[in-house]
Amino acid sequence: MSESPDRTPLPRSFFDRPVLEVAPDLLGRTLVRNSPDGRIELRLTEVEAYAGAIDPGSHAFRGRTARNAVMFGPPGHAYVYFTYGMWHCLNLVCGPEGEASGVLLRAGEILTGAEQARKRRLSARYDSELAKGPARLATALDIARTLNGTDACAGPDSPLTVLTGTPPTPDLVRNGPRTGVGGDGAPHPWRFWIDGDHTVSPYRAHAPRKRRPESP
DNA sequence: GCGATGATGATCT
DNA sequence: GATCATCATCGCT
C-alpha cells in the first residue's frame, strides 16, 4: 500500500534548516495529534520563528535552563511550555542541535477531530476559533507539558507528527511582527501566516502589564 | 468593534 | 517580586 504524498511525515532534515526557512515552510502542513481521546489533524495557518540565542524574544536568549533545555536539543522535537498560569504553547525545535531555535505554532484549521476539539474549547463560538491562537491550539489538541521533548519525526502513530500536507502558493504567505513580543525582539517580522485564512489570530502588540495600585 | 482587566502559577532575578 | 511567545469577559465610544 502506498500513502498519498501529502500523508508523508516530514523528515528530521526538514527541521534541520535555518528557522527562518522552516517557519514559512510549515504553513499548510498537517499537524497530527494522537491523544488517548483520539486523533486530531490540523492545517497550520500561522507560526512564529524564534531564533535561539541571538533573539531577545526567545526563551533561549539568556542561555539554557531547565525549562528551555529541549530547545537546545536536536531538531524535530516538541518544546511545550506553560505560561500565564493557565496556558500551554507548542513549538517545534529547528536548526542544528545547540542552536536553540524553534517555531511557535500559533493557529490552524481543524481538519479532523473537531468534535473532540469542541469539547475542550467550550468558549469557541465558531469552529474557526477552535485553534485561533497558540494557547487555543494547544488546548484544542490536548497539548500539555507531558509532551515536552516528544520527537515529532518518530512516525505517524506517535503522539505528535507533522505530515507534508498542502502548502499554500508562495503568493499567499505573509509575514509581519511577532504577536506579544516587545523590547529588542519586537522589530523582527518573523510571524508568518496564510493570507485571508479565517483561522489566523488577530495581531496584538506587546502590552506591558500595569502594576496593581499600591494599597492605601 | 475595541480597550481595559483579572485569572493564575512557573520561572527567573 | 516582576514578568510572562495568553485568553475570556466586561463595558463602552
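As a basis for the values below, the full set of heavy atoms in this structure was taken, side chains included, without hydrogen atoms, waters or symmetry mates. Each chain gets a letter, A, B and so on, in the order the sequences are listed, and its residues count up from 1.
Between the side chain of D55(A) and the main chain of G52(A), no donor-acceptor pair closer than 3.5 Å is present. When atom types are taken as modelled, the side chain of R29(A) and the backbone of V162(A) share no donor-acceptor pair closer than 3.5 angstrom. In this structure, the side chain of R178(A) engages the main chain of A49(A) through a donor-acceptor pair within 3.5 Å.
In this structure, R67(A) atom CZ and dT3(C) atom C1' are separated by 10 Å, rounded to whole Å. Summarising the geometry, the separation between CG on L122(A) and P on dA8(C) is reported as 11 Å, rounded to the nearest angstrom. If you take CG of N68(A) and P of dC12(B), they are 7 Å apart, rounded to a whole angstrom. Atom C1' of nucleotide dC4(C) and atom OH of Y81(A) are separated by 9 Å, given to the nearest angstrom. Following rounding to the nearest Å, R120(A) (CZ) and dC7(C) (C1') show an atom-to-atom distance of 18 Å. Spacing between atom CG of D184(A) and atom P of dA5(C) amounts to 14 Å, rounded to whole angstrom units. F61(A) has its CZ atom 15 Å from the C1' atom of dC12(B), to the nearest Å. When rounded to the nearest whole Å, the span between CD1 of I143(A) and P of dA5(C) equals 19 Å.
Using a 4.5 Å heavy-atom cutoff, the side chains of T164(A) and P5(A) are not in contact. In this structure, R136(A) and S201(A) have side chains that are not in contact, with every pair of non-hydrogen atoms separated by 4.5 Å or more. Between D127(A) and R118(A) there is a side-chain heavy-atom pair separated by less than 4.5 Å.
Residue R204(A) is classed as having no contact, given no heavy-atom separation below 4.0 Å to the nucleic acid. Using a 4.0 Å heavy-atom distance criterion, R121(A) is classed as a sugar-phosphate-only contact. Note on R178(A): nothing from the nucleic acid sits closer than 4.0 angstrom, heavy atoms only. Using a 4.0 Å heavy-atom cutoff across all strands shown, G57(A) reaches at least one base atom of the nucleic acid. Residue contacts for T65(A): at a heavy-atom cut-off of 4.0 Å it reaches the sugar-phosphate backbone alone, with no base atom in range.
Comparing dA8(C), dG9(B), dA5(C) by their closest approach to the side chain of F82(A) singles out dG9(B). The side chain of T83(A) lies closest to dC4(C), out of dA8(C), dC4(C), dT13(B). Listed nucleotides: dT6(C), dA8(C), dT11(B). Nearest to the side chain of R145(A): dT11(B). Picking from dC12(B), dT6(C), dA8(C) the nucleotide with the shortest atom distance to the side chain of W87(A) gives dT6(C). When each of dA8(C), dT11(B), dA7(B) is scored by its nearest atom to the side-chain atoms of M86(A), the top-ranked nucleotide is dA7(B). Of the candidates dT8(B), dT6(C), dA5(C), the closest approach to any side-chain atom of Y84(A) belongs to dT6(C).
Remark: ring of Y50(A) stacked against base of dA5(C); centroid gap under 5.5 Å, plane tilt under 30°.
Close to dA8(C), at under 4.0 Å from its OP1 or OP2, lies no side-chain N or O of R125(A).
Within residues 96-108 of chain A, the residues approaching DNA chain C are L104(A), R106(A), by heavy-atom distance under 4.0 Å.
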Pairing string of DNA chain C (Watson-Crick or G-U wobble, both atom distances under 3.5 Å; | = paired to other strand) is ||||.|||||||.

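To the nearest 0.5 Å, atoms CG (D197(A)) and CD (E109(A)) are separated by 6.0 Å. Atom CH2 of W193(A) and atom CD of E48(A) lie 10.0 Å apart (nearest 0.5 Å).
Where H206(A) and A135(A) meet DNA chain C, the nucleotide closest to each residue was compared, and H206(A) sits on the side nearer the 5' end.
Salt-bridge formation is not detected for the pair K119(A)/D37(A): no Lys NZ or Arg NE/NH1/NH2 atom is positioned less than 4.0 Å from an Asp or Glu carboxylate oxygen.
R12(A) forms no cation-pi arrangement with F15(A), by the criterion of a distance under 6.0 Å to the ring centre and an angle within 45° of the ring axis.
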* Evaluate the criterion side chain to side chain donor-acceptor pair (under 3.5 Å) for residue pair H198(A) and Y126(A); output intermediate values, then yes/no. => CA-CA 11 Å; H198(A) 54 290; Y126(A) 309 101; over 6 Å; no

